[in-house]
Amino acid sequence: HERDDGTLSEPLVLKIPASNEFLSLAGPFPGPALAASPSTDEVKVEFKPKFAGNAWAVLIPEEEAQFATIVSIKAKTNAFCWASGVAVSTGNQYVTLTGCGLSMETLYKAVVYVEDTLNENDGTIGPGVDVMVPANSTTNSFSTYPSVVLDA
């Protein structure tokens, strides 16, 4: 019988796991971290992917990190410096971003994305890592160092 009088089921919720994700470097929180003190031209990031695959990393203005997407990371949108499609294995991985041209004492975010080797945009974006280049010199200092004076 072709009466088209059937019933639709409720929508099925399907959760498709990411093709790759971050493991914890240390402590309970997974995700990337700074591997060294940043400079105006170089930022080194460390992370630990669950599976071998590829990684992308960008250094972007801090206020834009919350809007980063897989597409914007791969397109290097508003990035000061980046690494694209870097082959990664399991275990601790390091990516060095060079030629950044950063200002001192300005907050930036390093954002890393990992996926498997199929490159189907189905991986994981890690939490943004705060990056601030320290000043070259002390911004406030003593003209005379303090000393202990005995009150007689």
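The hydrophobic side chain of Tyr94 is isolated, with no ILVMFWY side chain under 4.5 Å apart from it.
Across every non-hydrogen atom of Asn78 and Glu64, the tightest pair is ND2-OE1, 3.0 Å. Residues Glu105 and Ala135 approach most closely at OE2-CB, 3.0 Å, considering heavy atoms. Val112 and Ala57 make their closest contact through CG2-CB, 4.0 Å (heavy atoms, listed as atom of the first residue, atom of the second, distance). When all heavy atoms of Pro32 and Val45 are compared, the closest pair comes out as CB-CG1, 3.8 Å. For Gly53 against Thr117, the heavy-atom pair with the smallest separation is CA-CG2, 3.8 Å.
Taking CG of Leu97 as the reference point, atom NZ of Lys44 lies at 11.5 Å (rounded to 0.5 Å). Here the CG-SG distance, from Leu102 to Cys81, works out to 5.5 Å after rounding to the nearest 0.5 Å. Atom-to-atom distance recorded for Asp41:CG and Thr98:OG1 is 8.5 Å, nearest 0.5 angstrom. Annotation: the span from Met132 atom CE to Ser103 atom OG amounts to 11.0 Å, rounded to 0.5 Å. Residue Ile60 holds its CD1 atom at 10.0 Å from CD of Gln66, rounded to the nearest 0.5 Å.
Counting heavy atoms from C-beta on, the side chains of Ile70 and Tyr113 come closer than 4.5 Å. Annotation: side chain of Val131 is in contact with side chain of Leu59 (closest heavy-atom distance under 4.5 Å). You'll find the side chain of Trp56 stays beyond 4.5 Å of the side chain of Lys76, heavy atoms only.
Note: Tyr108 and Phe80 have perpendicular aromatic rings, judged against thresholds of 30 and 60 degrees for the angle between ring planes.
Under the 4.5 Å side-chain heavy-atom criterion for ILVMFWY residues, no single connected hydrophobic cluster contains both Phe22 and Phe51. Val43 and Val95 fall within the same hydrophobic cluster, defined by Ile, Leu, Val, Met, Phe, Trp and Tyr side-chain heavy atoms under 4.5 Å apart, directly or through other members.
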Using atom types as modelled, flag every donor-acceptor pair under 3.5 Å from a side chain in residues 121-130 to any protein atom, sequence neighbours excluded.
{"unit_1": "Asn121", "atom_1": "OD1", "unit_2": "Lys74", "atom_2": "NZ", "d": "2.4"}
{"unit_1": "Asp122", "atom_1": "OD1", "unit_2": "Ser19", "atom_2": "OG", "d": "2.8"}
{"unit_1": "Thr124", "atom_1": "OG1", "unit_2": "Asn20", "atom_2": "O", "d": "2.6"}
{"unit_1": "Asp130", "atom_1": "OD1", "unit_2": "Lys109", "atom_2": "NZ", "d": "2.5"}

